[in-house]
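Beneath this line is the structure, given in structure tokens, with notes to follow.
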Amino acid sequence: MSGEAREIESYSEPEAKAELDRLHEVLTKADLLYHQQDAPEMTDADYDALKLRYQMLETAFPELRGPDSLSGKVGAPPAEGFAKVRHAVPMLSLAKAYTDEDVQDFADRARRFFERDKDLKLVFTAEPKIDGLSASLRYENGVLVKGATRGDGAVGEDITENLKTIADIPHKLAGSGWPEVIEIRGEVYMTYAEFEALKERSAAVGGQAYVNPRNTAAGSLRQKDPSVTASRNLKFFAYAWGYTTADPAPAQFDAVQKFGAWGFKVNPLMIRASSIEELIAHYHVIEEQRSSLGYDIDGVVYKIDDLELQRRWGFSSGEPRWAVAHKFPAEQAFTTVRAIDIQVGRTGTLAPVARLAPVGVGGVVVENVTLHNEDYIAGIDSNGLPIRGDEPIDIRVGDTVVIQRAGDVIPQIVRVVLEKRPADAVPFEFPHVCPVCGSPATRELNEKTGKEDSRRRCTGELICPAQAVEQLKHFVSRGAMDIEGLGAENIDVLFNSGLVKTAADIFTLRDRRDQVQAAFAARREEQSRLRDEAAGKVRKASRSVEERSFQGLDKLFAAIDARREPELDRFIFALGIRHIGETTGAVLAKTFTSMDNLRAKGIEAASVGGALHEVFPSVNGIGDTVWEALRDFFDNQRNVEVLDRLLEQVKPRDYVVTVSADSEVAGKTVVFTGSLEKLTRGEAKAMAERLGAKVAGSVSKNTDIVVAGPGAGSKLKDAQALGILVLDEDQWLELAAK
Ligand code: IVH
């Protein structure tokens, strides 16, 4: 669940329905155990996380909210459409240090940079790194005129009215001597006390569940109704500034003290220090106080004190060189391994997953972690060297383990507590046959390195039900055929009922309408039976659900029909040939321009065997791995049969190259980064190329435009550092439409 939480946005409606049903079942059972039998099987944190997920799904799919919804009174849905604010000076992030050595490196870099100033005595500041949301507050002549979120650092959202409800934020600056214009920056946060009080108030009215203070503060800030924000009693610490008409003071420490005099709260644990030893000593002081501060902090920030030196040292890739965040160690938790399951992926990879006793760590509930491969379980890396200690220590069912989660990093097992290993625990035996189809599962030899692949793969290909069903899920997925309403859950139903064995069968479902209807009805029946069972209810049939699902089927069939003539690049990608992703699919489409051509070349390559380059052209960006994969695909008679059956149903469109020379972006080099919401990566790329632009994978000084979606990282930073035009997805679409 939360440990591998999938983004809500990526759910199709039927998938969301299935997930809601599942959560309904689990939560109802938990409620029952908690309230009636006083024997909870779940921690409160686990319960809260599940409930929140349930509510998020319902908010995203309001039409799925039925009369038996568990949400009770749900708070206002997240506000949409705050105006965008471009920050006059970008809001940067901080370089991170994890160890004392990293901090020493920071000081050494400073010393090297200022080497020529022999007598320079470097002075630093140290202060807590508050785990909240940063905000920028623009004051003109001492009056607060605009307040914005950080957003992507370049563009945030105008939340002035909400920020004005925070008591720590003055509407008018106190005292005197403030610059004509100054953007004060700092952190909005929620105290534990307030968080607990809010949870209590909410529980009293059967309201929303809240996961942690930080997320709650974020949600509180994005309310449409400022009176809701006001009721959350958020707090604010000022620690930096952006655009200003005059330096607030010559040094960081004094500037922040001035903020205090102007009416802001500033952190009392900020100090000035003149050596690394002092900084690290203060880090430990803060670390010791961490648990009694009453709010979350996740490290200590060190900055060069003198603003002139800050300016001289400057910035690199979107971070100030003159500051560093010394992070506290990642949060860890103890739990036990209940089972080790093997999942078989689309290309047959056997992926081991540890099922853990659910445990909260770093703000989420973790109950599954990947174990990567058999060597990892045995405690050795790809070079045969021990991981998790000096000797290889394996992971066994029954083991007590320490799991760790740092920031957004996925949770992992960092240690096995050997003292707690049960006497009867045995080493895990990694299967050498596929647990699903029984075919041999082998480790391929990598010809280049001469080493065995770390992963074991099922050799069953499409005779393996696990591979076949995963392949189908891939086929219908968003970047591939993108069949609306036919998500992973529905594929499971259709596959398990034998109605869809290969992709071609999807396109004949309409002819088997009654059977499809029956399969979905059976599944619904089973789900509500489980739900009622958990709730201790007696079943009664519901007619309206049946009627609704008839309409649903028509929609589904229409969505399938709408995909009978897919773009060639999508179709190639949808075939799920190894090593052929979205980008390679597009290159192949451009190269071969029709499915007939690609098929003919594939079959020719399979018949001549080794001599790949006599058959396949030399194409920029495509190497032997892809050509071999293509040949191997066509070398398998079963694949060709499945493909040909599919081609009886589906006619991929030929690839037509139409480059317009007069578009706004013709001749420009564009880089896409972060996640896009309206376009898939493949679509975005094809669109740019149609408009005569070149799409590059990395940012350089030759880049003209960077299109950055949420989650953009280093590429965005590079673009900002190089002063390249950065657009969000909407701005890009607007430009492309010109
Ligand atoms: S200074 C130019 N000081 O950490 C540097 N940031 O990783 C501007 N943060 O987005 C940031 N406490 O939200 C600074 N005492 C502190 C901070 C702090 C928390 C956050 C801030 C920023 C993030 C950077």
Side-chain angles (χ1 to χ4, degrees), residues 89-115 117 120-134 136 150 153 185-187 189 214 237-242 249-256 259 266-290 293 296-331 362 406-409 713-714 716-718 720-721:
V89 172
M91 293 183 76
L92 304 176
S93 52
L94 291 168
K96 292 178 183 58
Y98 295 96
T99 61
D100 290 0
E101 289 81 71
D102 294 345
V103 179
Q104 190 60 55
D105 281 350
F106 166 66
D108 292 346
R109 284 197 302 275
R111 217 151 279 138
R112 272 202 302 279
F113 186 80
F114 296 111
E115 201 173 33
D117 299 71
L120 188 71
K121 191 114 189 46
L122 280 179
V123 177
F124 304 91
T125 60
E127 66 199 287
K129 184 171 187 306
I130 319 297
D131 194 11
L133 300 307
S134 50
S136 184
R150 177 174 188 273
R185 290 176 177 175
E187 205 82 354
Y189 66 99
R214 187 183 181 281
F237 278 126
Y239 54 64
W241 61 97
Q252 183 79 28
F253 189 83
D254 303 319
V256 173
F259 297 166
V266 296
N267 197 286
L269 288 168
M270 180 174 190
I271 60 147
R272 224 176 207 147
S274 47
S275 71
I276 291 303
E277 291 69 36
E278 272 178 73
L279 290 180
I280 290 175
H282 194 56
Y283 170 89
H284 292 299
V285 168
I286 294 177
E287 191 178 32
E288 264 169 39
Q289 297 196 26
R290 185 179 183 186
L293 290 176
D296 275 327
I297 62 171
D298 57 351
V300 177
V301 183
Y302 309 138
K303 299 171 189 168
I304 296 268
D305 191 36
D306 186 316
L307 302 194
E308 194 46 45
L309 297 184
Q310 289 187 359
R311 265 190 286 270
R312 274 172 59 193
W313 203 6
F315 301 86
S316 103
S317 51
E319 288 167 356
R321 289 204 173 92
W322 44 265
V324 67
H326 190 181
K327 303 275 284 186
F328 292 133
E331 244 197 85
D408 292 334
V409 181
S714 61
L716 174 60
K717 284 188 196 161
D718 291 347
Q720 286 164 339

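Just so we're clear, the structure is a prediction, and the values are computed from it rather than from any experiment.
Ring geometry, Trp241 versus Phe259: the interplanar angle exceeds 60°, so the pair is classed perpendicular (tilted spans 30 to 60°). A parallel orientation is assigned to the rings of Tyr283 and His326, their planes being inclined by less than 30° (bins at 30° and 60°).
Counting only distance, with no hydrogens or angles, the side chain of Glu187 and the backbone of Gly132 share a donor-acceptor pair below 3.5 Å. Between the side chain of His282 and the backbone N or O of Thr125, no donor-acceptor pair lies under 3.5 Å. Checked by atom type and distance alone, the side chain of Arg290 pairs as donor or acceptor with a backbone atom of Ile297 at under 3.5 Å. Listed for the Lys327 side chain is no donor-acceptor partner under 3.5 Å among the backbone atoms of Ala325.
For the atom pair CG (Asn267) and CZ (Phe237), the distance works out to 4.5 Å, reported to the nearest 0.5 Å. Residue Asp105 holds its CG atom at 10.0 Å from CD1 of Ile276, rounded to the nearest 0.5 Å. Going from atom OH of Tyr302 over to atom NZ of Lys129 covers 13.0 Å, rounded to the nearest 0.5 Å. Annotation: the span from Leu133 atom CG to Arg214 atom CZ amounts to 5.0 Å, rounded to 0.5 Å. A distance of 5.5 Å separates CZ in Arg150 from OG in Ser93, rounded to the nearest 0.5 Å. The CG atom of Asp117 sits 4.5 Å away from the CZ atom of Arg312 when rounded to the nearest 0.5 Å.
Annotation for Ala95 and Ala323: closest pair CB-O, 4.2 Å, computed over non-hydrogen atoms. Closest of all the heavy-atom pairs between Ile304 and Gln252 is O-CB, 4.2 Å. Considering every non-hydrogen atom in both Ala238 and Val256, the closest pair reads O-CG1, 4.0 Å.
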Exercise for review: Show your reasoning for whether salt bridge (Lys or Arg N to Asp or Glu O under 4.0 Å) applies to Arg311 and Glu308.
Suggested key: CA-CA 5 Å; Arg311 265 190 286 270; Glu308 194 46 45; 3.7 Å; yes
Practice item. Give the C-alpha distance, both sets of side-chain angles, the deciding distance and a yes or no for salt bridge (Lys or Arg N to Asp or Glu O under 4.0 Å) between Lys121 and Asp306. Key: CA-CA 10 Å; Lys121 191 114 189 46; Asp306 186 316; over 6 Å; no
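Judged by distance alone, the side chains of Gln104 and Asp100 never bring a donor and an acceptor atom under 3.5 Å apart.
Within the 4.5 Å cutoff, the side chain of Leu279 has no heavy atoms near those of the Val300 side chain.
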